[in-house]
Enquirer: 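Just passing along the structure, written as structure tokens.
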Protein chains: 2
Amino acid sequence: MKYVEKLRKSGLRPTKQRLQICEVLFDREETFHFTINQLEQKIKNQINGKISLATVYNTVHAFEKKGYLKQIPINSNQTYFDTNVTDHHHFYDLKDEKLIDLDDSDVGPIKILKKVNGKKIKSVEVLVKLED
Amino acid sequence: MKYVEKLRKSGLRPTKQRLQICEVLFDREETFHFTINQLEQKIKNQINGKISLATVYNTVHAFEKKGYLKQIPINSNQTYFDTNVTDHHHFYDLKDEKLIDLDDSDVGPIKILKKVNGKKIKSVEVLVKLED
DNA sequence: ACACTTCTTTAGAATAATTATAAACTACAT
DNA sequence: ATGTAGTTTATAATTATTCTAAAGAAGTGT
Ligand SMILES: [Mn+2]
Ligand SMILES: [Mn+2]
Ligand SMILES: [Zn+2]
Ligand SMILES: [Zn+2]
């Protein structure tokens, strides 16, 4: 199991549930953008044996805290997470409610000229909304 | 009442509640970024007589539909609205959970080079997260 | 293997933002 | 003034998320 080490290094015990969730989340080529409910569905379809919803929440938050997932700010009733934890930009398809990654090369460099007193910039992300 | 006409033109009856909410929302120089609960507080402080929470929700949604308010995508348990309905960028102060408008001149021009099949770009907005 | 501790999972309850309901009220047209 | 459609309101319902506490599993030392 390739995720056992990863979890141990983060101080997370490699439980069966976490390893299964790792497979669903990270055994894929493309970035995965998802809500908790979508993840729960994917888990149901790919795994035999169920994982409780509380554990899905717990795990996603644990992974987020460890930097394996990040939240994406979208106006939705459900929170979106992203397996691409780098600073990056998105298309958001308003009709399909789907996120699509944008490469830095798909977006020109962004210069923020304004400063705020004692604050520093943590991230700069662009959200491009798409309609038909 | 300067908002009576505005509401009538939009097909919204100029009720006492809506006019009061208009005052709270639009009688100010600066952009107002708020959650429903923050708005409810401001209403309580500025008006005598109460407006029910349901009406605050109804009104905000009606104003949003008519284009007088817009939602701002932020990772928060509460939805943020903005009296500045133009396409514009934000600082988001993670500690204070406050939004600050960025002028277009505060951000260099943004070119989106990628295209998506049958979709067109509706908006391009930058969110700059600030930390201490 | 065994005992012991700590972390994790889980079902279910609790919380909290938002939306729905339906009755009373109000703006507006005739 | 009357009628109608739109609005407000208290309250209930819904729903995403978090909390709780008991049972289970993982790690550590012997
Ligand atoms: Mn949100
Ligand atoms: Mn919510
Ligand atoms: Zn992404
Ligand atoms: Zn703004």
Side-chain angles (χ1 to χ4, degrees), chain A residues 1 3-25 33-44 47-66 68-81 97, chain B residues 1 3-24 33-41 43-44 47-66 68-81 97:
Chain A
M1 285 306 200
Y3 297 113
V4 172
E5 264 313 293
K6 182 177 176 173
L7 290 173
R8 281 229 183 79
K9 270 186 214 157
S10 310
L12 297 173
R13 291 183 181 174
T15 64
K16 184 178 64 167
Q17 292 85 345
R18 281 174 179 163
L19 292 169
Q20 287 174 332
I21 292 173
C22 277
E23 285 179 41
V24 174
L25 288 177
H33 301 100
F34 64 93
T35 64
I36 295 285
N37 287 305
Q38 289 167 352
L39 176 57
E40 209 197 3
Q41 279 312 306
K42 277 255 193 312
I43 290 168
K44 271 190 194 134
I47 307 289
N48 31 357
K50 72 199 61 146
I51 298 180
S52 87
L53 182 58
T55 298
V56 179
Y57 271 100
N58 288 342
T59 302
V60 165
H61 287 144
F63 287 4
E64 186 195 10
K65 187 177 290 182
K66 296 299 181 181
Y68 302 138
L69 293 173
K70 67 184 290 198
Q71 269 187 252
I72 303 297
I74 289 291
N75 281 329
S76 166
N77 45 332
Q78 294 178 230
T79 304
Y80 272 81
F81 294 90
E97 299 188 324
Chain B
M1 285 306 199
Y3 297 113
V4 173
E5 266 311 293
K6 182 176 175 173
L7 290 173
R8 281 229 183 80
K9 271 188 213 156
S10 311
L12 297 172
R13 289 185 180 171
T15 62
K16 185 179 65 168
Q17 292 87 344
R18 282 175 179 161
L19 291 169
Q20 287 174 331
I21 292 173
C22 277
E23 283 179 41
V24 174
H33 300 101
F34 64 93
T35 64
I36 294 286
N37 286 305
Q38 289 166 351
L39 176 57
E40 209 197 1
Q41 279 311 309
I43 290 169
K44 271 192 193 131
I47 308 289
N48 30 358
K50 74 198 60 145
I51 298 181
S52 87
L53 182 57
T55 298
V56 179
Y57 272 99
N58 288 343
T59 302
V60 166
H61 288 143
F63 286 5
E64 187 197 9
K65 187 176 290 182
K66 297 298 181 184
Y68 301 137
L69 293 173
K70 67 183 291 198
Q71 269 188 251
I72 302 298
I74 290 290
N75 281 328
S76 166
N77 44 333
Q78 295 178 228
T79 303
Y80 272 81
F81 294 89
E97 300 189 321

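Convention: sequence-line order gives letters A, B, ...; per-chain numbering from 1.
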Enquirer: Which value, rounded to the nearest 0.5 Å, describes the distance between B:K65 atom NZ and B:S10 atom OG?
Expert: 12.5 Å
Enquirer: Compare side-chain N and O positions of A:Q17 against OP1 and OP2 of D:dA25 and report whether any pair is under 4.0 Å apart.
Expert: no
Enquirer: Please give, in whole Å, the distance from C:dT10 P to A:K50 NZ?
Expert: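 Checked: the NZ to P distance equals 10 Å.
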Enquirer: What distance do B:N37 atom CG and B:E40 atom CD have between them, rounded to the nearest 0.5 Å?
Expert: 6.0 Å
Enquirer: Among C:dT10, C:dT19, C:dT8, find the nucleotide with the atom closest to the side chain of A:R13.
Expert: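 Of all the options, the side chain of A:R13 is nearest to C:dT8.
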Enquirer: Please give, in whole Å, the distance from C:dT18 P to B:H61 NE2?
Expert: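 From B:H61 NE2 to C:dT18 P: 7 Å.
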Enquirer: With a non-hydrogen cut-off below 4.0 angstrom, is B:T35 in contact with a base, only sugar-phosphate, or nothing?
Expert: nothing
Enquirer: Check the distance between D:dT7's P and B:K66's NZ and give it to me in whole angstrom.
Expert: 9 Å
Enquirer: I need the CD1-P distance between B:I21 and D:dT7, as an integer number of Å.
Expert: 13 Å
Enquirer: Does A:T15 make a side-chain N or O approach to OP1 or OP2 of C:dC7 shorter than 4.0 Å?
Expert: no
Enquirer: Side-chain contact test, heavy atoms from C-beta onward, threshold under 4.5 Å: evaluate it for B:R13 versus B:L7 and give yes or no.
Expert: no
Enquirer: Measure from the side-chain heavy atoms of B:L53 and tell me the nearest of D:dG27, C:dT10, C:dT18.
Expert: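 Within the option list, the nearest is C:dT18.
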Enquirer: Please report, rounded to the nearest Å, how far the C1' atom of D:dA16 is from the CD atom of A:Q71.
Expert: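 After rounding, the gap between these two atoms is 13 Å.
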Enquirer: With DNA chain C as reference, determine whether B:A54 or B:L12 sits nearer its 5' end, using the nearest nucleotide of each.
Expert: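 Its nucleotide being nearer the 5' end, the pick is B:A54.
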Enquirer: Of all the nucleotides listed (C:dT8, C:dT10, C:dT18), which has the minimum atom distance to the side chain of B:Y57?
Expert: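 Nucleotide nearest to B:Y57's side chain: C:dT18.
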Enquirer: So which nucleotide from D:dA16, C:dA17, D:dT8 ends up closest to the side chain of A:N37?
Expert: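 Of the options given, the side chain of A:N37 lies nearest D:dA16.
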Enquirer: Please state whether the rings of A:F63 and A:Y68 are parallel, tilted or perpendicular, taking 30° and 60° as the class boundaries.
Expert: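 A:F63 and A:Y68: perpendicular rings.
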Enquirer: Please report, rounded to the nearest Å, how far the P atom of C:dC7 is from the NZ atom of A:K16.
Expert: 22 Å
Enquirer: Is A:R8 close enough to D:dA26 that one of its side-chain N or O atoms is under 4.0 Å from OP1 or OP2 there?
Expert: no
Enquirer: Which of these nucleotides, D:dT8, D:dA26, D:dT17, is closest to any side-chain atom of B:T55?
Expert: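 Among the listed nucleotides, the one closest to the side chain of B:T55 is D:dT8.
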Enquirer: Of the listed nucleotides (C:dT18, D:dC19, D:dT9), which one gets closest to any side-chain atom of B:N58?
Expert: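 From the listed options, D:dT9 comes nearest.
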Enquirer: May I have the distance from B:N75 (atom CG) to D:dT17 (atom C1'), rounded to whole angstrom?
Expert: 14 Å
Enquirer: Quick one: B:Q20 CD to D:dT9 P, roughly how many Å, whole number?
Expert: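 Roughly 9 Å, once rounded to whole Å.
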Enquirer: Roughly how far, to the nearest 0.5 Å, is the CZ atom of A:R18 from the OG1 atom of A:T55?
Expert: 9.0 Å
